[in-house]
S.K.: 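Right, I'll just put the structure down here and ask away after.
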Amino acid sequence: MQSKAETIGGLPVRAPRLTGFDWRGYIVYLFFTAVLLFFAVTIGDKGFLTVPNLFNIARNTAMIAVIAVAMTFVISAGELDLSVGSTAALSALVAALVIQAGFGMVAGVTAALGAGLLVGLVNGLFVTGLAIPSFLVTLGMMQFVRGLDMRLTYTNPVPVADNTFNGIFGKGYLFGIPSLLVWSVAAVALGHVVLRYTPFGRQVLATGGNRVAAAYSGIRVNRTKLYCFLLSGAAAALAGLLFTGMMSTARYNYGTGIELAAIAAVILGGTSLFGGRGTIIGTFVGALLIGTINNGLIIMGLDVSEQNMVAGAIIILAVAFGKKPAR
Amino acid sequence: MTNLLELRDIEKSFATIPVLRRASFELRSGEVHALMGGNGAGKSTLMKILTGVYTKDGGSLVFDGREVELSGPRDAERLGIAMIFQEFSLIPTLTVAQNIFLHHEPRAGGFLNDAEAERRAAGILSDLGEDIDPRALVETLSVGACQMVEIAKALSKNARVLIMDEPTSSLSEAEARTLFSLVRKLKSEGISIVYISHRMAEIFEICDRITVMRDGHDALTRSTGEVTMQQLIEAMLGEGVEASMQYQARPISATAATVLEVENLTLEEKVVDASFTIRAGEIVGLAGLTASGRTEIAEAIFGLRRIRSGEVRVDGKPVRGTDQAIAAGVALVPENRRTQGLVLEHSMHDNMVLPNLARFTRGLFVRDGAGRRAANDAIARLKIRTDGPDKVVGLLSGGNQQKIVLAKWLERRPRLLILDEPTIGVDIGAKSDLVEIIREIAEAGTAVLVISSEFEELLAMSDRVLVLHDGRLIKELEREEIATEEVLHHAIQG
Ligand SMILES: Nc1ncnc2c1ncn2[C@@H]1O[C@H](COP(=O)(O)OP(=O)(O)OP(=O)(O)O)[C@@H](O)[C@H]1O
Ligand SMILES: [Mg+2]
């Protein structure tokens, strides 16, 4: 059907490009490469390119990456979850308190995941059951849980003395690779397979692509969305554990602003903010891009105000370049 | 022949408003059964009950001799009932193959097997005689191709019953012909088909039996050979209602001002060197095959398309861009009401006010009362079937949505009215009403340009017909030169 003559009445017309390479879909990779090259040239001699620093970037990106993987599911289903940051802190505190009370690591991790799933469940039930936009539900939840975090220990940090815990979730290495990097790669690999190759992933994309059509096809769209919020809660809990392990301490203010960084990573990666289209690998590179920019700017010696301005500008630019021209 | 399925005395209300009242319907195996009825009669609702999308409030469903209860689309699917919905029901962001096998994907060890899905999709599509790439994203396909994908989707589930809800409403002549031969083919393979349509001609062509619904009840069921057009119209609209689609010659004064002048118009896409004029009070039809550039010309006049060369003038003044077009009094009723014509989540009167905000505003505020009055007028004038002007437009039946799109632009009392397929999905009674209304508008001095793939209505309205082929205007026919639809048929083939 598409092979119709490329000229009409002697005038050339643009043929629709169906199979051609569309570089816009890969903008995040181009940007990531460009940013790496830029930093390699300008601050390569200040230690940017050393293995410890690259591991450093990976470590600092881990929490964003873990949360962003789940966020990709939520956004692909046409929803949003702003409560992940404060939920991460909640899970961190819960784990630390349980471990401090002497119940052990397994109990602590289980309790933390339970807290994350509970938040996800409440989010999901409000969004699907009462049809309240997820932006509002999770905005309220973000604030509610942050308040809860502060109340839990009256803003006091809770140290974790369990070295096994700290090793697994933060400071340790597996075959010479930092455990934080292992966790984030595992999350990405799992998320990629689930979104691309399982029925659940397909249901998520269909739900976000056209909710009514998905329902007509027999997909339980509300249940699908609920699962996405549960996934998001669990990922937030894992991020909280990673924060705790890395610092050997849980604090009420962990994950402040991480929801926005994660959303930025998802959108930079090429996932549609309107749902129906998502890529986990893109999300991961988006997260790495954000982490690399932050790291490079620090090494360049920019202060926090300058870092914020440059990072914000780069995000807008990357999204603008990746956007398809209207019509 | 035995009945494959029977719907008996089905009842259904939406929020206390009854939509189906003891509606019954039978389908024999291997027949093509037409379901007709006015807009809002309950055709789509009845069929959505049969596919498990809605649950019935009362009545029973007998399938293959056994009474069954459906609690969701999956149950209907298991029985082999599939439906092509009136509303677009594909996922635009997924590929053709992914859509065809949505929710019954081929698997390999718990994982999706997209390669297998693509292979099988290609098989089904080529059985249908369609050349569609299974890996293309649905959002890149034409409406006709989407329709074929929906059929392929239904067939992929081994459907024994296929329900088509106004399948031709967005197809071109040629695409519709493809669909008809497909319907015959499926029938010969023993598939039973429910065919919902407002187009008499095609119903008489492909259907074995006809059921007419009226006010949520089945008013008549007959074999196609035993019923006349007039009997159908009466069953649909009530005794003594005339639904005539006859052209009435109207004198257009030779001194009437020229409203629209299109001169050597060439666009970036399709249209090449088009020139024509329309005078005040004149209705000009634009005929042509689907991709011949009709919509592009309409959009260019309304300022939505980049003009490569040439000029559009309204009342002698050059017009470029939508702002200038609107200021010059041009109104466009677009082809696709759901995406271009309406804010589906809003009420009817909000929709009516939208393009006319200036007229409905006093000082800083929108005059809701006046908007509501205008909406009530339109409900009466266009016989829109709704509980009132506050009902959310998205919940109205398809044909009634189309009437609201029209109403909203008529409210502007435009100088030049462009109608792109104005009667898609509108029932016969309303269709002749609309033809009447469009004539009245022209009589009041508006210049009208109508695009339509339905020759009957094009010939009923137009004083003159322009024929477009592959982006070029190849003919201009006075109404008197067109004796039959055949003449037009030949003309548009180029
Ligand atoms: N989900 C809904 N909520 C409320 N009212 C509805 C809903 N669906 C349909 N209706 C109402 O039920 C009536 C019948 O609608 P239906 O879509 O079955 O009509 P139809 O016969 O298919 O008409 P058309 O020819 O215009 O498509 C209409 O008045 C419509 O407004
Ligand atoms: Mg309908």
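What you see is a predicted model; the values in this text were computed from it and never measured. All chains are named by letter (A, B, ...) in the order of the sequence lines, taking the proteins before the strands, and each is independently numbered beginning at 1.
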S.K.: Looking only at heavy atoms, what is the nearest atom pair of Pro92(B) and Gly209(A), with distance?
M.R.: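 Looking at all heavy atoms of both residues, the shortest contact is CD-O, 3.6 Å.
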S.K.: Output the option from Gln98(B), Glu139(B), His104(B) having the highest count of non-hydrogen pairs under 4.5 Å with chain A.
M.R.: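 Of Gln98(B), Glu139(B), His104(B), Gln98(B) has the most heavy-atom pairs under 4.5 Å with chain A.
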S.K.: Is Arg196(A) in contact with chain B via its backbone, its side chain, both, or neither, using a 4.5 Å heavy-atom distance?
M.R.: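 For Arg196(A), backbone heavy atoms alone lie under 4.5 Å from chain B.
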S.K.: Kindly check if the number of other-residue, nucleotide or ligand heavy atoms within 6.0 Å of CZ (Phe14(B)) is above 12?
M.R.: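 Above 12, so yes.
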S.K.: Flag the one option from Gly72(B), Ser89(B), Gly52(B), Ala76(B) with the top tally of heavy-atom pairs under 4.5 Å to chain A.
M.R.: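 Between Gly72(B), Ser89(B), Gly52(B), Ala76(B), the count favours Ser89(B).
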S.K.: Checking side-chain contact (heavy atoms from CB on, under 4.5 Å) between Asn210(A) and each of Asn99(B), Val138(B), Ile91(B), Leu94(B), which is the one that passes?
M.R.: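 Of all the options given, the one that passes is Ile91(B).
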S.K.: Considering non-hydrogen atoms only, spot the tightest contact between Pro199(A) and Gly110(B) and give its length.
M.R.: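 The pair with the smallest heavy-atom distance is CD-O, 3.5 Å.
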S.K.: What part of Lys157(B) lies closer than 4.5 angstrom to a heavy atom of chain A: side chain, backbone, both or neither?
M.R.: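 Contact with chain A is absent: no heavy atom of Lys157(B) under 4.5 Å.
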S.K.: So with a 6.0 Å cut-off around CZ of Phe302(B), is the heavy-atom count from everything else above 12?
M.R.: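 Correct, the count exceeds 12.
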S.K.: With distance as the sole test, does Thr93(B) use its side chain to make a donor-acceptor pair with the main-chain N or O of Gly276(A) at under 3.5 Å?
M.R.: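 Confirmed, Thr93(B) side chain pairs with Gly276(A) backbone.
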S.K.: Hey, is CZ on Phe200(A) packed in by over 12 heavy atoms from elsewhere, all under 6.0 Å?
M.R.: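 Yes, because the 6.0 Å sphere around CZ of Phe200(A) holds more than 12 heavy atoms from other groups.
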S.K.: Taking all non-hydrogen atoms of both residues into account, name the closest pair between Leu102(B) and Ser217(A) and its distance.
M.R.: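 That closest heavy-atom pairing would be CD2-OG, 3.6 Å.
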S.K.: Any chance CZ of Phe276(B) has more than 12 other-residue heavy atoms, nucleotides or ligands included, within less than 6.0 Å?
M.R.: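 Yes, CZ of Phe276(B) has more than 12 neighbouring heavy atoms, counting only those of other groups under 6.0 Å.
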S.K.: Under 4.5 Å from any heavy atom of chain A, what part of Asp114(B) do you find: side chain, backbone, both or neither?
M.R.: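 It is the side chain, since no backbone atom gets that close.
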S.K.: Under a 4.5 Å cut-off applied to non-hydrogen side-chain atoms, are Met83(B) and Tyr216(A) in contact?
M.R.: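 When only atoms from C-beta onward are counted, Tyr216(A) and Met83(B) do not touch, as no gap falls below 4.5 Å.
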S.K.: For Arg135(B), which atoms come within 4.5 Å of any heavy atom of chain A: side chain, backbone, both, or neither?
M.R.: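 Contact with chain A involves no heavy atom of Arg135(B) at all.
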S.K.: Please say whether more than 12 non-hydrogen atoms of neighbouring residues, nucleotides or ligands are located less than 6.0 Å from CZ in Arg277(A).
M.R.: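 Count over threshold, so yes.
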S.K.: If you look at every heavy atom in Leu112(B) and Thr198(A), which pair is closest and at what distance?
M.R.: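 Taking every non-hydrogen atom into account, CD1-O, 3.3 Å.
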